[in-house]
There are 2 protein chains.
Amino acid sequence: MNALSNDRRNNIEDVAREARVSTATVSRALRGMPNVAPSTRERVRKAARLLEYRADPTASRLASGRTNTVAMVVPILDGWYFATVMAGAEGVLTDRGYELLVFVAGDEEARSRLIMSSRLRGADGMILVDVALTEAEAGTLLQLGGPIVSVGMEFGGFTSVVVDDVEIGRSATQHLVDLGHIDIAILGGAGDDPLGYLVPDRRREGYRQALDKVGIARRAELTIDGTFSVRSGYETMQELLALRHPPTAVFSMSDEMAFGALKAIRDSGLSVPGDISVVGVDDHPMSWVMDLTTVQQKVAGHGALAGRLVLDQIEESHEPLRQEAETSLIIRGSTAPPR
Amino acid sequence: MNALSNDRRNNIEDVAREARVSTATVSRALRGMPNVAPSTRERVRKAARLLEYRADPTASRLASGRTNTVAMVVPILDGWYFATVMAGAEGVLTDRGYELLVFVAGDEEARSRLIMSSRLRGADGMILVDVALTEAEAGTLLQLGGPIVSVGMEFGGFTSVVVDDVEIGRSATQHLVDLGHIDIAILGGAGDDPLGYLVPDRRREGYRQALDKVGIARRAELTIDGTFSVRSGYETMQELLALRHPPTAVFSMSDEMAFGALKAIRDSGLSVPGDISVVGVDDHPMSWVMDLTTVQQKVAGHGALAGRLVLDQIEESHEPLRQEAETSLIIRGSTAPPR
DNA sequence: CTGAAAGCGCTTACAG
DNA sequence: CTGAAAGCGCTTACAG
């Protein structure tokens with residue numbers, strides 16, 4: 001019995017019988033291969049239509065060795081960033097006749113279980129988005145032999161799509177410095193990630209460079225670790241507001257954190273940008289609504305690029321490479337000179 | 001050659017040889033089936049580990065007739081609602097050993113191409129989220145024989161997960177009426193959808209009922225059609241603000257539209273809820289940040305429910321049924337009595 | 001341009 | 001508890 005079917009479905013033999021040709025010819029005719037007489041092809045098509053025949057993808061895959069599927073692994077599904085990368089990738093996969101199989105590996109256990117399972121074998125290639133692999137896991141994956149594209153993280157041997165996170169941190173901070181701010185805080189992910197998620201460290205490095213360049217002494221209490229979430233932005237901002245000398249400007253490593261920070265500032269009775277300026281990273285759709293100055297990443301573009309890279313490698317096995325996507329500062333109303 | 005592999009992978013025969021048993025025993029031992037001697041099972045496991053054997057999912061599928069895959073069809077991927085439904089479904093699918101294959105059918109053409117293709121045959125069942133099918137398409141899908149669960153739309157023969165949209169419209173409007181508003185506008189999707197997307201009409205019906213109940217005369221110009229997006233909320237709100245007698249309260253059929261409306265109100269120099277109250281639908285994560293009063297839907301729960309329903313039917317073929325999920329009004333700071 | 005046949009790598013009655 | 005063998009439904013050299 002086939003997937004999605006209870007009653008018997010017509011198979012390639014039924015079509016062959018109906019069209020009075022061999023199954024080989026049916027296969028060739030229906031897939032538009034060359035070397036099929038036009039009249040034969042038409043006869044086969046008619047028979048297939050009559051019998052409502054659709055090739056069983058599973059059988060095609062087993063026989064051909066190609067699944068026409070790309071696996072995408074994300075830490076979560078319901079986050080703007082991941083959904084947007086996925087949407088970007090999906091577009092190119094569909095255009096090129098591939099399907100998208102989605103896996104969520106939210107924690108170490110799920111990730112390791114996924115990698116040890118046979119599930120990833122059901123795809124011709126894979127895209128990992130912000131998935132922090134251990135050395136051993138990367139090795140296991142590489143051993144599968146199919147192309148792997150990593151978005152957001154870099155691994156040796158994997159093709160990767162990244163942005164210049166140091167530059168992101170620098171340009172955001174520079175913007176605040178240019179406005180005249182001295183007490184500039186930074187909200188972001190935790191540093192020293194054991195799994196090598198370097199984005200927070202790099203953005204922080206850019207922040208440091210921008211401050212050091214103009215000789216602004218960094219105040220340690222203005223660097224606060226959190227997670228890239230609205231809630232965390234709210235809480236970390238509250239910590240900053242509780243300081244004896246709160247900052248006059250905040251660089252938030254993601255727009256979602258920035259949204260939380262904006263709320264915390266307003267909830268405390270202060271205004272943006274009057275009392276405190278805020279700059280984020282991403283250009284999340286809500287940033288326009290929130291009038292948030294931000295460093296734009298073209299996230300859907302990253303997904304599309306990852307899709308293109310993985311398909312190119314599936315189809316002609318290139319060398320792994322590193323692609324860097326552009327980012328740019330978008331100045332909106334959440335930033336202004338200090339009082 | 002297998003998916004994701006260039007060099008030859010070990011197959012079940014290699015493992016059988018190594019463990020000195022038949023392939024049938026390897027299959028049974030590795031899948032944890034009963035009637036395998038403990039010592040034999042251990043030997044097979046060891047051999048599999050040694051040879052880094054992982055069963056080829058494609059071959060398993062062809063032989064067993066089960067794909068262990070559920071297809072999910074959405075109109076777009078990068079929208080909060082769809083990503084959240086997907087996340088909810090993914091959780092239960094993964095827990096029960098199923099994989100998630102994602103298809104996007106954004107317009108009629110893509111939808112019809114998808115349905116006519118053999119791609120949906122690669123799954124044991126499917127979940128459609130807000131997919132507006134024609135009669136013919138629904139028939140084609142039903143003919144596939146596998147269970148189909150529709151989220152957000154109802155079709156005869158399909159199991160569906162819905163909410164009481166009339167009640168949503170009524171409770172949101174009632175809340176505004178209770179606050180003393182008379183000039184209450186409604187922003188939402190277009191009515192009279194040829195494809196039967198009834199949500200806008202039903203929410204509008206609830207709005208009417210709430211007004212009629214207390215005898216408030218409806219002003220036609222306060223009903224404006226748009227799409228469920230931030231941008232559309234912004235634009236339709238601008239239209240309302242341009243009226244000679246703008247409303248003092250707005251019921252927006254989605255939170256995202258409401259966000260756009262909030263921005264339009266503020267951009268015009270008015271305040272919320274001082275000048276205009278706004279209530280949305282969804283309880284989008286940003287609603288907390290925006291302090292938006294809204295009718296909450298447990299969207300991830302809808303996805304999880306859909307997942308459970310489709311799996312239950314795959315595993316024991318139930319009758320199609322209709323599940324109605326709860327909604328509830330969450331009062332925040334975007335609503336207040338009129339001036 | 002077409003067909004016969006092998007093969008893809010598993011699972012599953014069936015028999016013992 | 002285990003194995004031999006058929007079968008899942010296609011695709012693909014190979015031969016003609």
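Residue numbers start from 1 in every chain, and the chains themselves are labelled A, B, ... in the order their sequence lines are given, proteins ahead of strands. Nothing here was measured: the structure is a model prediction, and the numbers come from that model. Just so you know, these numbers use all the heavy atoms, side chains as well, and skip hydrogens, waters and symmetry mates.
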Base, sugar-phosphate or nothing for [X]? Non-hydrogen atoms, less than 4.0 Å.
X: T40(A); value: sugar-phosphate
X: A24(A); value: base
X: N11(A); value: sugar-phosphate

Fill in: Heavy-atom check, side chain of R43(B) versus side chain of E18(B), under 4.5 Å
no

Fill in: Minimum side-chain heavy-atom gap M86(B)-L77(B) below 4.5 Å
yes

Discussion item. On a heavy-atom basis, which atom in L93(B) and which in L100(B) lie closest, and how many Å separate them?
Written reply: CD1-CD1, 3.8 Å

Worksheet item: On DNA chain D, nearest-nucleotide positions of S39(B) versus A63(B): which is more 5'?
Response: S39(B)

Worksheet item: Is a salt bridge present between R61(B) and D124(B), judged by a nitrogen-to-oxygen distance below 4.0 Å?
Response: no

Are [X] and [N] close enough that a side-chain N or O sits under 4.0 Å from OP1 or OP2?
X: R31(A); N: dT12(D); answer: yes
X: T23(B); N: dC10(C); answer: no
X: R9(A); N: dC8(D); answer: no
X: T25(B); N: dG3(D); answer: yes
X: S22(B); N: dT2(D); answer: no
X: S27(B); N: dC10(C); answer: no

Which listed nucleotide ([options]) is nearest to the side chain of [X]?
X: L62(A); options: dT12(C), dC1(C), dG9(C); value: dG9(C)
X: I12(A); options: dT2(D), dT11(D), dC8(D); value: dT11(D)
X: S64(A); options: dT11(D), dT2(D), dT11(C); value: dT11(D)

Worksheet item: Hey, is the side chain of R28(B) pairing donor to acceptor with the base of dG3(D) inside 3.5 Å?
Response: yes

Practice prompt. Let me know, please, whether V36(A) or R54(B) comes out on the 5' side of the other along DNA chain C by nearest nucleotide.
Written response: V36(A)

Practice prompt. Report the residue from V74(B), V131(B), L120(B), L128(B) that forms a side-chain contact (heavy atoms from CB on, under 4.5 Å) with F103(B).
Written response: L120(B)

